K.L.:
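This is the structure I have questions about; it appears just below.
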Protein chains: 2
Amino acid sequence: MAKHHPDLDLLFHALSDPTRRMMLNRLAKGPAPVTELAGPSGFKLPTILRHLSVLEEAGLVATQKDGRVRSCAFQPAALRPMTDWLEDQRRLWEGRLDRLDDYVTKLLKEREK
Amino acid sequence: MAKHHPDLDLLFHALSDPTRRMMLNRLAKGPAPVTELAGPSGFKLPTILRHLSVLEEAGLVATQKDGRVRSCAFQPAALRPMTDWLEDQRRLWEGRLDRLDDYVTKLLKEREK
DNA sequence: TGTATAGTTAGCGATATGGCTAAGCATCAT
DNA sequence: ATGATGCTTAGCCATATCGCTAACTATACA
């Protein structure tokens, strides 16, 4: 377990915005051009483009240009560091419970004497 | 699926900072007073206190004062909206794959004619 | 060629974030 | 009662974030 994961910073930050999550939601159903991504949001294109670049920097979306249209695709693998973190956290927590269990067990043994 | 989950905003934002994740890491092993939380971070107390309040607002940590000491405890249940979101996202993505599968299947049937 | 379409860049303003110091308050130990 | 301890508040500064408009580039289509 490293001390500091910049991946996680970018990942969690990218996901902390409802507009970006809405964009991801759309992309999880399949690739889309920028305009379609902006469509339901009510935001202007430059705003959406900025959000898109945040998603790209987090690795959550990959884009490529075909003619004048940029196609955006969800990259589910980018969620991995997050699920790993969750798993680590869960392990720590359960370790805590185990130690509590050990403690109680020990207390009971003490009593038997 | 609601349109906008403020919980998720707070949750992801809270987790987007390495210092806050370090604090959570410590708390996952068991409750701790503010000073112990600040200890290894190298940051000053007011800074840590601010981070703590972000974690509290996200529901990730609950605190209570006992004398002059504030005890902080990790609240794993607060992670639920996040795991739910992950699950939704996964479902969407797999739905996409299923539809792709249907499409290929259909293509193959067309060929058989 | 000329016009519509799709995206891009530059830059502005309001607000939020993350760090700090300094000063204050409340409790515990002597 | 006095000092040490643990937390708290107020307020400052630098930077980042999120929205916008305006102006620009590049491709497609007639």
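Any value given below was found using the heavy atoms of this structure, including those in side chains, with hydrogens, waters and symmetry copies removed. Just so you know, these numbers come straight off a predicted model, no measurement behind them. In the text below, chain A, chain B and the rest are named by the order of the sequence lines, each starting its count at 1.
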K.L.:
Starting from P on D:dT17, measure out to CG on A:Leu55 and report it in whole angstrom.
P.N.:
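After rounding, the gap between these two atoms is 13 Å.
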
K.L.:
Taking CE from A:Met22 and P from D:dG19, how many angstroms apart are they, rounded to a whole number?
P.N.:
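Whole-Å distance recorded here is 10 Å.
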
K.L.:
In this structure, how many angstroms lie between the P atom of C:dC25 and the CG atom of B:Leu49, rounded?
P.N.:
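Distance check: B:Leu49 CG to C:dC25 P gives 17 Å.
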
K.L.:
Name the closest nucleotide to the B:Thr47 side chain, picking from C:dG18, D:dC18, C:dG19.
P.N.:
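For B:Thr47, the side-chain atoms sit closest to C:dG19.
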
K.L.:
Round to the nearest Å and state the distance from B:Phe43 atom CZ to C:dG18 atom P.
P.N.:
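Distance check: B:Phe43 CZ to C:dG18 P gives 10 Å.
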
K.L.:
Select base, sugar-phosphate, or nothing to describe what B:Pro33 touches, counting heavy atoms under 4.0 Å on all strands.
P.N.:
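Sugar-phosphate only.
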
K.L.:
So which nucleotide from C:dG19, D:dG19, D:dT8 ends up closest to the side chain of B:Arg70?
P.N.:
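Side chain of B:Arg70 sits closest to D:dT8.
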
K.L.:
Do A:Leu10 and B:Leu86 belong to the same hydrophobic cluster, where Ile, Leu, Val, Met, Phe, Trp and Tyr are linked whenever their side-chain heavy atoms lie under 4.5 Å apart, directly or via other members?
P.N.:
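A:Leu10 and B:Leu86: separate clusters.
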
K.L.:
Are OP1 or OP2 of D:dT9 and a side-chain N or O of B:Arg50 less than 4.0 angstrom apart?
P.N.:
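The answer is no; no side-chain N or O of B:Arg50 sits under 4.0 Å from OP1 or OP2.
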
K.L.:
Report yes if a side-chain nitrogen or oxygen of B:His51 is closer than 4.0 Å to either non-bridging phosphate oxygen (OP1 or OP2) of C:dG19; otherwise report no.
P.N.:
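B:His51 to C:dG19 OP1/OP2: side-chain N or O found under 4.0 Å.
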
K.L.:
Which label fits B:Trp93 and A:Phe74: parallel for a plane angle under 30°, tilted from 30 to 60°, or perpendicular past 60°?
P.N.:
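Correct class here is perpendicular.
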
K.L.:
Choosing from C:dT21, C:dG19, D:dC20, which nucleotide comes nearest the side chain of B:Lys44?
P.N.:
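So the nucleotide nearest the side chain must be C:dT21.
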
K.L.:
Looking at D:dT8, C:dG18, C:dT8, which one has an atom nearest to any side-chain atom of A:Leu45?
P.N.:
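Of the options given, the side chain of A:Leu45 lies nearest C:dT8.
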
K.L.:
Just how far, in rounded Å, is P of C:dA16 from CG of B:Leu10?
P.N.:
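Going from CG in B:Leu10 over to P in C:dA16 covers 13 Å.
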
K.L.:
Could you please name the option among C:dT9, C:dG19, D:dT17 that lies closest to any side-chain atom of A:His13?
P.N.:
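Among the listed nucleotides, the one closest to the side chain of A:His13 is D:dT17.
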
K.L.:
Which of these nucleotides, D:dA22, C:dG19, C:dA6, is closest to any side-chain atom of A:Val69?
P.N.:
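Output: C:dA6.
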
K.L.:
Could you tell me how far apart A:Asp17 (CG) and C:dT17 (P) are, to the nearest whole angstrom?
P.N.:
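Those two atoms, CG and P, are 12 Å apart.
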
K.L.:
Can you name the salt bridge (charged side-chain N to carboxylate O under 4.0 Å, His left out) partners of A:Glu57, sequence neighbours left out?
P.N.:
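By the salt bridge (charged side-chain N to carboxylate O under 4.0 Å, His left out) rule, A:Glu57 matches no residue at all.
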
K.L.:
Here's a test of your reading of the structure: between A:Pro46 and A:Arg20, which maps to the more 5' nucleotide of DNA chain D?
P.N.:
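Looking at DNA chain D, the more 5' nearest nucleotide goes with A:Arg20.
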
K.L.:
Round to the nearest Å and state the distance from B:Leu52 atom CG to D:dG6 atom C1'.
P.N.:
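So the CG-C1' distance, B:Leu52 to D:dG6, works out to 13 Å.
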
K.L.:
Ring-plane angle category for A:Phe12 and B:Phe12, please: parallel below 30°, perpendicular beyond 60°, tilted otherwise.
P.N.:
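Correct class here is tilted.
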
K.L.:
Using the side-chain contact (heavy atoms from CB on, under 4.5 Å) rule, take A:Thr63 and A:Cys72 through it: C-alpha gap first, then chi angles, then the decisive distance, then the call.
P.N.:
CA-CA 4 Å; A:Thr63 78; A:Cys72 311; 4.0 Å; yes

K.L.:
Starting at CG of A:Asp9 and ending at P of D:dT17, how long is that distance when rounded to a whole Å?
P.N.:
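Computing the A:Asp9:CG to D:dT17:P distance gives 11 Å.
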
K.L.:
Considering only C:dA4, D:dG6, D:dC20, which nucleotide approaches the side chain of B:Arg68 most closely?
P.N.:
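Nearest to the side-chain atoms of B:Arg68, counting from C-beta on, is D:dG6.
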
